[in-house]
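Only a predicted model underlies this, so the values are computations on that prediction, with no experimental measurement involved.
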Amino acid sequence: MTPDPLRKVVNRPRALLRALSGFGLFGLLFAAGAASALAHAPVYFQPALIGGLVLLVWSLDDARRSRRPLRAGFARAWAFAAGYFLAGTHWVASAFLVSAEDHAWLIWAPLTLLPGGLALFWGVAGAAYARLAGSGPERIAVFAGLFVCLEFVRSVILSGFPWNLPGHVFEAGGAISQAASLIGALGLSALALYAFASPAALRGAGGPVARAYPIVASVLVLAGFWLWGDHRLNGSDVQETGVTVRVVQLDRPQAELRPSQASEILDEYLALTLTEGLDAVDLVIWPEGSVPAFLQNEPRLLERLHAALPLGTRLVAGAPHIVWSPINQPEAVYNSLHALRIGEEHIIVEDRYDKVKLVPFGEANTIAALTRPFGLETLSQYGVGFDAGANARTLSLGAAPPFAPLICYEVVYPRFSPRGSDRPAWLLNISNDSWFGDSAGPAQLLNQARYRSIEEGLPLVRSATAGVSGIIDPYGRVGHIAGVEESQVLDLVLLASLDKPFYGHYGDGPWVIAFAFLAGIALIRPVLARQKAQLARKPGVVKD
């Protein structure tokens, strides 16, 4: 028999994995999942995810041959994903320490319920793989297809949480990330799952050439996207609009952003805003929750704004907003962006945008009936939480081109900004990152914001408290920025948008259809092969 060098390469690690069971196996999968999170921002160590996915595929292959493949596949994929999501979102726990006297005892929730809940989606995908996949190299397409489907479900169900999709391991603004203008971050996720899991095909049914095919195909596709993306970036020429915005970033920890300090905080923002050059600025931008008060219901604060800022100044500021009923009772509370203009006698409210996508437990709680007995409504300072706004909008203010506001993590949702005739000329992401300090969270949020620019062909201005503020061009490249834990003023010239990219026109539909076709073929082939083998074993049937 001719030696098979490909099998020889993977036989030893494959044998070691098969020898494990019980806590040893699930502990290894959990650790591999946690290490795989290093592929995301701010580290971008992609080999960690390659090794993790190969290990997961081999473990699911073993589950497929077990007595209870569905249960075994679910448990193995869940253990891997629990480690993956814990390592990728552990920084959420720091929000529970801001008001430690009230919420510190609940810190177990984001460290267990959040990763464990997100891992359920991967568990379902693992169970489906153990039931449907074959043993040949085509199973890599089945793996990628099933897991990207469940990643899509994770992105939309119960308002969705599309955080750290597999495609986000390619840093936005680089050559490969430009593929998001064609297939979006979810399409890149399908590619990442297939390409990074492809070495698992070296062990399985089929000859050496067939088993090497997924790796070769992955290298060729990634190389093709890299060459195309590099060409796209080299040919980029982003024009300036001539409109200047002033982004004001104040470094204050979340524990100090209290309603009782609203007046002092307002003074700090005004001092930064009134620095030299304000007369050449078309729009001033303050971040989400910049003033911790119901700004439009605070005459004293509005009077100080009116007295301090020059006539005609346009200010966009994040602050909560309360709506009162006819009997003077609170009817709704929103996390809002206020568009204000300094008039001759008073401040004019030109527009307001109310946040639509609310942070689970931070701003809203869809399962309050279950968590209330444990003392948790939300982490909000404003009663039981916020109400959701009606829909995404495009705002037009003075000389500035029309823009779509995205408050905080609304920017992680692809295709959330208005479309068609309401397509904005730029995106504005205001955020309060001080909840999470100098952790991986703000870096991950910034990377996902950059993907929205690539997908939509739109520049994005970011204003964040204790986060990263600055401008992102339509190719996802970061321009003039202020880093975490800096109080700074940035005067930014707005960039022009690009023509709407392919993804901006058609979304995920085209690549989903193409990938579903390929994954369907990969699913059908083993079934046809089994039917042919069963037919050949029947009496009286002559083999060809």
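Residues S181 and R232 form a side-chain contact, since some pair of their non-hydrogen atoms from C-beta on lies under 4.5 Å apart. Residues V468 and L445 fail the side-chain proximity criterion, which asks for heavy atoms closer than 4.5 Å. Side-chain contact between S36 and F80 is present, with heavy atoms from C-beta onward closer than 4.5 Å. Side-chain contact check for Y451 versus F170: some heavy-atom pair is nearer than 4.5 Å. The shortest distance between side-chain heavy atoms of P459 and S497 falls below 4.5 Å. Two residues are said to be in side-chain contact when any heavy atoms from C-beta on lie closer than 4.5 Å; L114 and F85 fail this criterion. For the pair V512/L186, no side-chain contact is recorded, criterion being any heavy-atom separation below 4.5 Å from C-beta on. Inter-residue side-chain proximity for Y194 and S218 is flagged as met; some heavy-atom pair is nearer than 4.5 Å.
Note that CG of L29 is 5.5 Å distant from CG of L55, once rounded to the nearest 0.5 Å. Expressed to the nearest 0.5 Å, how far CG of L233 lies from OH of Y475 amounts to 8.0 Å. Atom CZ in F502 sits 7.5 Å away from atom CG in L182 (nearest 0.5 Å). Atom CG of L458 is separated from atom CG of D473 by 11.5 Å, given to the nearest 0.5 angstrom. Distance check: L132 CG to L146 CG gives 6.0 Å after rounding to the nearest 0.5 Å. One distance of note links CG of L460 with CG of L446; it measures 9.0 Å at 0.5 Å rounding.
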Report task. Given side-chain contact (heavy atoms from CB on, under 4.5 Å), test L191 with V221 step by step and report yes or no. Result -> CA-CA 9 Å; L191 173 59; V221 172; 3.7 Å; yes

Query raised in the report: Between L56 and F147, does a side-chain contact (heavy atoms from CB on, under 4.5 Å) hold up when you go through it step by step?
Result: CA-CA 12 Å; L56 176 59; F147 277 77; 4.2 Å; yes

Requested in this report: Please step through side-chain contact (heavy atoms from CB on, under 4.5 Å) for the pair I454 and S177, ending with a clear verdict.
Outcome: CA-CA 8 Å; I454 300 171; S177 74; 3.6 Å; yes

Query - Derivation and outcome, side-chain contact (heavy atoms from CB on, under 4.5 Å), residues D508 and I183 - result: CA-CA 6 Å; D508 295 305; I183 58 177; over 6 Å; no

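Under 3.5 Å, the side chains of Y84 and N164 contain no donor-acceptor pair of N or O atoms. R477 and S236 are linked by a side-chain donor-acceptor pair at a separation below 3.5 angstrom, with hydrogens and angles left out of the test. Judged by distance alone, the side chains of W163 and Q444 do bring a donor and an acceptor atom under 3.5 Å apart. Remark: the W226 side chain and the Q178 side chain contain no N/O donor-acceptor pair separated by less than 3.5 Å.
Contacts of F45 classified as ring pair (Phe, Tyr, Trp, His ring centres under 6.0 Å), with partners at least two apart in sequence or in another chain: none. Every residue meeting the side-chain hydrogen bond (donor to acceptor under 3.5 Å, both in side chains) condition with S59, not counting sequence neighbours, appears here in chain and number order: R76. Residues satisfying the salt bridge (Lys or Arg N to Asp or Glu O under 4.0 Å) test with D387, not counting sequence neighbours, are none.
Checking side-chain atoms of N429 against main-chain N and O of C408 turns up a donor-acceptor pair under 3.5 Å. Within the 3.5 Å criterion, the main-chain N or O of A37 finds no donor-acceptor partner in the side chain of H40. In this structure, N447 contributes its side chain and A172 its backbone to a donor-acceptor pair below 3.5 Å. With hydrogens and angles disregarded, no donor-acceptor distance shorter than 3.5 Å links the side chain of W122 to the backbone of F74. For the pair R211 (side chain) and P137 (backbone), a donor-acceptor distance under 3.5 Å is absent. Checking side-chain atoms of E288 against main-chain N and O of N432 turns up a donor-acceptor pair under 3.5 Å. Put simply, the side chain of S417 never gets that close to the backbone of A404: no donor and acceptor are under 3.5 Å apart. Using a distance-only test at 3.5 Å, with no hydrogens or angles considered, a donor-acceptor pair links the side chain of R452 to the main chain of Q448. Although no hydrogens or angles enter the test, the distance criterion places no donor-acceptor pair under 3.5 Å between the side chain of E455 and the main chain of P414.
Taking the six-membered ring for Trp, F30 and F26 have ring centres at least 6.0 Å apart.
Counted within 6.0 Å of CG on N234, heavy atoms from surrounding residues, nucleotides or ligands total more than 12; the atom is thus considered enclosed. Around OH of Y413, the count of heavy atoms belonging to other residues, nucleotides or ligands within 6.0 Å exceeds 12. Residue H505 qualifies as enclosed at atom NE2: its count of foreign heavy atoms under 6.0 Å is above 12. The environment of CZ in F416 is crowded: more than 12 heavy-atom neighbours from other residues, nucleotides or ligands sit within 6.0 Å.
Between F403 and W426, the angle of the ring planes lies from 30° to 60°, which puts this pair in the tilted group.
Salt-bridge annotation for R65 and D62: present, with a side-chain N of the basic residue lying under 4.0 Å from a carboxylate O of the acidic one. A salt bridge links R462 and D433; the closest N-O separation between the charged side-chain nitrogens and carboxylate oxygens is under 4.0 Å. The pair R450-E171 counts as a salt bridge, with a side-chain nitrogen and a carboxylate oxygen less than 4.0 angstrom apart. A salt bridge links R139 with D61: the closest approach of a Lys/Arg side-chain nitrogen to an acidic carboxylate oxygen falls below 4.0 angstrom.
What you find for E410 and V356 is that their closest heavy atoms are OE2-N, 2.6 Å. Contact detail for P162 and L165: the closest heavy-atom pair is O-CG, 3.9 Å. For the residue pair G167 and S189, the shortest heavy atom distance occurs at N-OG, 2.8 Å. Heavy-atom minimum distance, A443 versus A41: O-CB, 3.8 Å. Nearest heavy atoms, S469 versus A464: OG-N, 2.8 Å.
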